[in-house]
Structure formats: C-alpha cells, structure tokens
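All remarks here apply to the structure that follows.
Letters A, B, ... are given to chains in the order of the sequence lines, protein chains preceding strands, and every chain is numbered from 1.
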Amino acid sequence: MTIQRPKGTQDLLPGTVEQWQYLEETMRSVCRDYGYDEIRTPMFEATELFQRGVGQTTDIVNKEMYTFLDKGDRSMTLRPELTASVCRAYVENKLYGQPQPVKLFYIGPMFRYERPQSGRFRQFHQFGVEVLGADQAVVDAEVISLVWDLYRRLGLTQLEVHVNSVGCPVCRTKHRALLQEFLSTRREELCKDCGDRYDRNPLRILDCKNATCQAVTIGAPTTRDTLCEDCSTHFGRVLGLLGVAGVVYRVNPRLVRGLDYYTKTAFEVMVEEIGAQSAICGGGRYDGLVEEIGGPPTPGFGFAMGLERILAALQVKHLLPEEKPKLFAMLVALGEKAQTEGFSLLSALRTHELPVSMDLLSRSLKAQLKAADRLGARYALILGEEELEKKVLVIRDLTLGEQIEVPLNQAVEEIHKMYQRGVNA
RNA sequence: GUGGGUGUGGCGAAGUGGUUAACGCACCGGUUUGUGGUACCGGCAUUCGUGGGUUCAAGACCCAUCACCCACCCCA
C-alpha cells in the first residue's frame, strides 16, 4: 500500500455510512421540530476570523489550526469549529435585519491539527445549533432541551448534563483574581500543567484530573460565588426552565469551557465508556462574539456535538438500527441474448423506481443465485435460453424457495404488483 | 509537542533462530452438463510495515525509519 489517507481522517464505507445517515436524519428532524434552519458555510475562512472569534489564548488557535496561504498570499484556515463562521455569516448577510432571533443549525466536517486518539480526529464532524439575537434565559433552556430531546430520540440515556455559569466579563475577571489569590500560596503543589495554567487560564485548574490539584482546589472560590446579580438571575431562570422541560442536569461549578467567547451559561454532556474523550457535546452563551468580529452587539447561544463520539456511544450501547436489505429483486441472465433481454426488463422496472439489480460479471447460474442471496434480494428473476424460447420469465422467491413462470410481456406489471404488495405488507 | 503499545494474506490470528509460514472467517471455483442459503472438496502470503545489521541460518535478535492504536495536553 503506497498512498494512505492523511493521519486522523477516515474513509466511511458502505455499512457505516448508513449509520451516519440515520444520525444526521435524526438531528435534522429534531431541528425541524424546534424551528431551526440549516446553514452551510465554507470549509475554510480567513485565518483572522478564528483568531478573533475563537480567541488568541485558546489551544485551537495556538496549535491546532490547519492554516495555509492561498495563491494570493491570503492566510486561510480550515474551519476548526463553526460558531465563528456562523456569526460571520450572520453579520455578512445582514441576518440581524430579519425577524429575531435567528435559529440555525449545521452538520459538517471540522479540522484540527492534533494527535489522533480514541474519539479524536483531525477531520471530524460536528452537529451544532446557534441562536443569535436573543439574550433571554429561555433561549439557553430551549437549546439545552433540544440536545436532551435528541439524545432521548436516539435512545441515549445515562449521560450526564453538566451546567454552569461562567458569568459576564465582569464576574469572570473577579473570579479569576480571587482564584489566583486562593491558589497563590499553594502554587508549588500543583502539577506541571496547572503551573502553566495558573497564569494562562486558572479556571482550568478547577477541573484538572490530577488528584493533588483536586485536593488543593477544595474550597476554592467557584464561579457561582462571584456572579453579579444579572448573571445570577439569568442562571437561576435557566435552571428553573430546564426543570420544567424535564431535563436531568447537574450544576457543576467547576465546569469551564476552553473557548474564550463564552459568557454566562456553559454546559457539557458526557458519556462514559467511549474512552478518555468523553465529552459528546459542549456549548453555552457568547454575548460578545458577534461584536468582537465586527458586527452589531448581538447575544448568542449555541453548542457543538461530535458525531464520531455519539456514534461511538450508540455503538457500545447497541442503539444503532440494523441495516435492512435494499434490494427487491436480482436479475439472473444466462448468455448474451438473455442479458440483453434482461437489461431491457431492468430498465422498465427501474422507471417504476423498483430497487432491482443484476449480475455484472456474466457468471454461472449458480454463482448469480448465490450473489442474489448474499445481497438480500427477495426475488431472483431468471432468464436463460429456455425462458427466451418460451417467452417467459422465472420469478424465484428466495426466502420460500418457490418459483413461478410469467409471460415475458407481463413481467414488468407482475413484478410491480408483487413489489406493491410487499411495501404494503 | 510528550509518553506507552502494536505492525504476519481482504479480516481475525498462530509462530519466542533452523527444512515447503498453522488455523478460522471472508472471497472465488467445484460436487455430471440451468437453480442460492447447509455440507463436502479445492484455490487464495515466492513472504512476515520498510531499510540496514548480527548469524552457517531471522517473521522471530539489534538499530533505524514509517504507519496505526492508546494516553497526556486540549477538546467534539
């Protein structure tokens, strides 16, 4: 094998693609029911969009972007996430001039230059929702319950929904300062990573997996302690509405999200049993983002979920639908004359939109029947020398092992009738 | 970027220095000329990721290299 696919990418082959289609259809139907419309934006954008939109301090921008210069020396980047793009599209297409809020969803590939591992790819796929132009707590609650509802429809239970409020920029700065002050005396005890995090992003120390860091942070000021009145009221309202919608959640004061743009509500959904990368959905409110990228001040709320990880969860929990046979009948033709006649018969059947197929290797009768069986065809339509002479077609029921002869000139009509019966049964 | 693991036919997998590289699945063909799914028979790796080295002798030992997997970081 000489040329291989790029690291961290995958070929989705028949058998797997059907699972993706099932997942995507379920996502689309939930969105339709909730009144969200699909948006499709470019696979790549000006690098600056992500630098400003996602944030200069984030790992995504610092070390994970697929960036290249195009032939006009413009710096372009394959999209690592879509919230920034959707906001850009909102501004660029003046969607703020339409009835507000604008409720959008997307499904598509994202790109991040990382070392692949279980549940992590360089090209991966996200489904996401963004609501722009409404700062009400109901928005937060509606979007989170949409997520909840999707999982319910997929049969995914026993997952954890973590909710928190990281506050507005004011409470956030306050919290950060308090936290650094709290940790300052015990900074030596922190692990190496947390030492780095102390200056860069002290909030992350709160959810470090290291046991000693966990111990050090006991009693540390949480985001909740520093919320201003507005943020606090908002958060309370969100939780109340989630309760009304029947969403089972857990307030996790240590939940912080890695992207710079989050304000107020942040949430995450985790599933065990799919490896170390257990977050299958993450999102929250981002009231400053649209303005940050040059648009009018516009509140926003959204999330992204990873299709690969959800599929992994559905897999281990055996929640993926079984593949159904797609073929109704298989033409078995023997000899060139029969093949010609059969080809004509198939064409006729196909104009009626019947799922029918034929042997393409001119194999023996036996081999063709075997193939028909493998492909899960219900009927084999046998046409050989004898049948041509008698001007008949043998229709063999492969599940019953019985066969009948019908006049060739009535075959299309007969098969069509059988198909209708099968569909209605 | 760091650490660990693995690399034998389409897939799974024996083999731990010595003649022709097990086996299972899949695939293809056959079991008297035109009837599948079961059974039986046969076929299917001049070769063990790649390149060097040690040795009379290497898939097995050593070195390098590449690829994949897992974990950290971070995230979907």
Side-chain angles (χ1 to χ4, degrees), chain A residues 1-10 13 54 57-65 79-83 106-128 147 191-197 200-201 204 207-210 256-259 267-271 274-283 302-313 330 332-335 338 359 361 363-389 394-403:
Chain A
M1 193 179 295
T2 42
I3 300 177
Q4 303 175 270
R5 63 174 187 273
K7 188 192 287 286
T9 63
Q10 43 188 347
L13 305 176
V54 179
T57 70
T58 61
D59 277 7
I60 290 180
V61 169
N62 276 314
K63 48 184 206 192
E64 296 172 6
M65 293 206 300
R79 60 192 201 187
E81 59 112 52
L82 219 58
T83 302
Y106 58 82
I107 300 177
M110 307 294 157
F111 308 84
R112 263 126 89 160
Y113 192 89
E114 299 183 89
R115 284 287 280 270
Q117 70 182 71
S118 175
R120 168 182 293 150
F121 303 86
R122 287 187 173 182
Q123 175 177 337
F124 61 103
H125 299 77
Q126 288 187 328
F127 158 62
V147 171
C191 70
K192 188 185 167 297
D193 289 325
C194 283
D196 298 339
R197 289 196 268 241
R200 184 184 297 240
N201 192 352
R204 291 228 68 96
D207 64 359
C208 179
K209 287 163 191 156
N210 186 298
V256 284
R257 310 242 57 245
L259 280 46
F267 76 104
E268 207 162 89
V269 183
M270 331 264 246
V271 177
I274 58 167
Q277 308 307 318
S278 58
I280 55 175
C281 175
F303 68 79
M305 66 173 78
L307 301 220
E308 283 84 356
R309 292 184 187 176
I310 294 185
L311 247 5
M330 178 90 168
V332 172
L334 302 166
D359 173 80
L361 291 170
R363 286 183 285 199
S364 69
L365 170 70
K366 190 172 190 157
Q368 292 195 45
L369 281 171
K370 198 171 185 175
D373 191 56
R374 289 277 159 72
L375 292 169
R378 176 72 203 270
Y379 297 98
L381 312 176
I382 305 171
L383 199 56
E385 296 293 326
E386 286 175 28
E387 287 77 14
L388 281 183
E389 269 177 40
V394 170
I395 301 177
R396 182 175 176 83
D397 185 321
L398 292 173
T399 49
L400 299 177
E402 295 164 359
Q403 58 189 43

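Side-chain atoms of A:Leu398 lie closest to B:rG36 of the nucleotides B:rG30, B:rG36, B:rC75. Which of B:rA76, B:rG36, B:rC28 sits closest to the side chain of A:Glu114 comes down to B:rA76. Across B:rG34, B:rC75, B:rA76, the shortest atom-to-atom separation from the side chain of A:Gln126 is found for B:rA76.
Rounded to whole Å, the distance from CG on A:Leu334 to P on B:rU33 is 14 Å. Regarding A:Met65, its CE atom lies at a distance of 15 Å from the C1' atom of B:rC75, rounded to whole Å. The CD atom of A:Glu389 sits 15 Å away from the P atom of B:rG34 (whole-angstrom rounding). Atom CD in A:Glu64 sits about 11 Å away from atom C1' in B:rA76, given to the nearest Å. The distance from atom NZ of A:Lys366 to atom C1' of B:rG42 is 13 Å, rounded to the nearest whole Å. For the pair A:Arg112 CZ and B:rC73 C1', the computed distance is 14 Å after rounding to whole Å. Look at CZ on A:Arg363: it is 15 Å from P on B:rG36, rounded to the nearest Å. Rounded to whole Å, the distance from CZ on A:Arg378 to C1' on B:rG36 is 15 Å.
Counting heavy atoms of neighbouring residues, nucleotides and ligands inside a 6.0 Å radius, atom CD of A:Gln403 exceeds 12 of them.
Residues satisfying the side chain to side chain donor-acceptor pair (under 3.5 Å) criterion with A:Ser278, sequence neighbours excluded, are absent altogether.
Residue-level contact check: A:Gly384 touches the bases, meaning some heavy atom is under 4.0 Å from a base atom. Within the 4.0 angstrom heavy-atom criterion, base atoms lie near A:Ile382. As judged by a 4.0 angstrom heavy-atom cut-off over every strand, A:Glu386 is placed among the base-contacting residues. Across all strands shown, A:Glu387 has heavy atoms under 4.0 Å from base atoms, whether or not it also approaches the sugar-phosphate.
A:Arg378 places no side-chain N or O within donor-acceptor distance of the main-chain N or O of A:Thr399, the cut-off being under 3.5 Å. Not one N or O on the side chain of A:Glu389 forms a donor-acceptor pair closer than 3.5 Å with the backbone of A:Glu386.
Counting heavy atoms from C-beta on, the side chains of A:Arg112 and A:Ile60 come closer than 4.5 Å. In this structure the side chain of A:Gln126 never reaches within 4.5 angstrom of the side chain of A:Leu82, judged on heavy atoms. For the pair A:Phe267/A:Val147, a side-chain contact is recorded, criterion being any heavy-atom separation below 4.5 Å from C-beta on.
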Side-chain donor/acceptor pairs under 3.5 Å, residues 114-123 of chain A, sequence neighbours excluded:
residue, atom, partner, partner atom, Å
A:Glu114, OE1, A:Arg120, NE, 3.4
A:Gln117, OE1, A:Arg120, NH1, 3.3
A:Arg120, NH2, A:Gln277, OE1, 3.4
A:Arg122, NE, A:Glu114, O, 2.7
A:Arg122, NH2, A:Glu114, O, 3.3

Under 3.5 Å, side-chain donor or acceptor atoms of residues 363-371 of chain A against the rest of the protein: list the pairs with distances, not counting sequence neighbours.
residue, atom, partner, partner atom, Å
A:Arg363, NE, A:Asp359, OD1, 3.0
A:Arg363, NH2, A:Asp359, OD1, 3.3
A:Ser364, OG, A:Ala367, N, 3.1
A:Gln368, OE1, A:Ala333, N, 3.3
A:Gln368, NE2, A:Ala333, O, 2.9
A:Gln368, NE2, A:Arg363, O, 2.9

Heavy-atom protein contacts under 4.0 Å, nucleotides 65-70 of chain B, coded B base, S sugar-phosphate only, - none: --SS-S

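In terms of heavy atoms, A:Tyr106 sits closest to A:Phe303 at OH-O, 3.8 Å. The shortest non-hydrogen separation linking A:Ala312 to A:Ile274 is C-CG2, 3.8 Å. Nearest heavy atom pair, residue A:Val332 against residue A:Ala380, reads CG2-CB, 4.3 Å.
Residue A:Gln403 has no polar side-chain atom (N or O) positioned under 4.0 Å from OP1 or OP2 of B:rG34.
Nucleotides B:rU8 and B:rA21 have their C1' atoms positioned 9 Å apart, rounded to a whole Å. For B:rC62 and B:rG24, the P atoms lie 32 Å apart once the distance is rounded to whole Å. For the C1' atom pair drawn from B:rG1 and B:rC11, the interatomic distance equals 34 Å after rounding to whole Å. Look at the C1' atom in both B:rC28 and B:rG15: the space between them is 28 Å, to the nearest Å. Comparing the P positions of B:rC63 and B:rC73 gives an interatomic distance of 31 Å, to the nearest angstrom. Taking the C1' atom of each, B:rU20 and B:rU46 are spaced 11 Å apart, rounded to whole Å. Distance check on atom C1': B:rC70 versus B:rC56 gives 42 Å, rounded to whole Å. When the P atom is compared between B:rC66 and B:rG51, the two are found 15 Å apart, to the nearest whole Å.
Consecutive Watson-Crick or G-U pairs involving RNA chain B, each under 3.5 Å on both distances, make up stems of three or more pairs at B:1-7 with B:66-72, B:10-12 with B:23-25, B:27-31 with B:39-43, B:49-53 with B:61-65.
If you check residues 367-374 of chain A against RNA chain B, the residues with a heavy atom closer than 4.0 Å are A:Ala367, A:Leu369, A:Lys370, A:Asp373, A:Arg374, listed by number.
Results of the side-chain contact (heavy atoms from CB on, under 4.5 Å) test with A:His125 over A:Met110, A:Arg309, A:Met305, A:Glu308 single out A:Glu308 as the only residue that passes.
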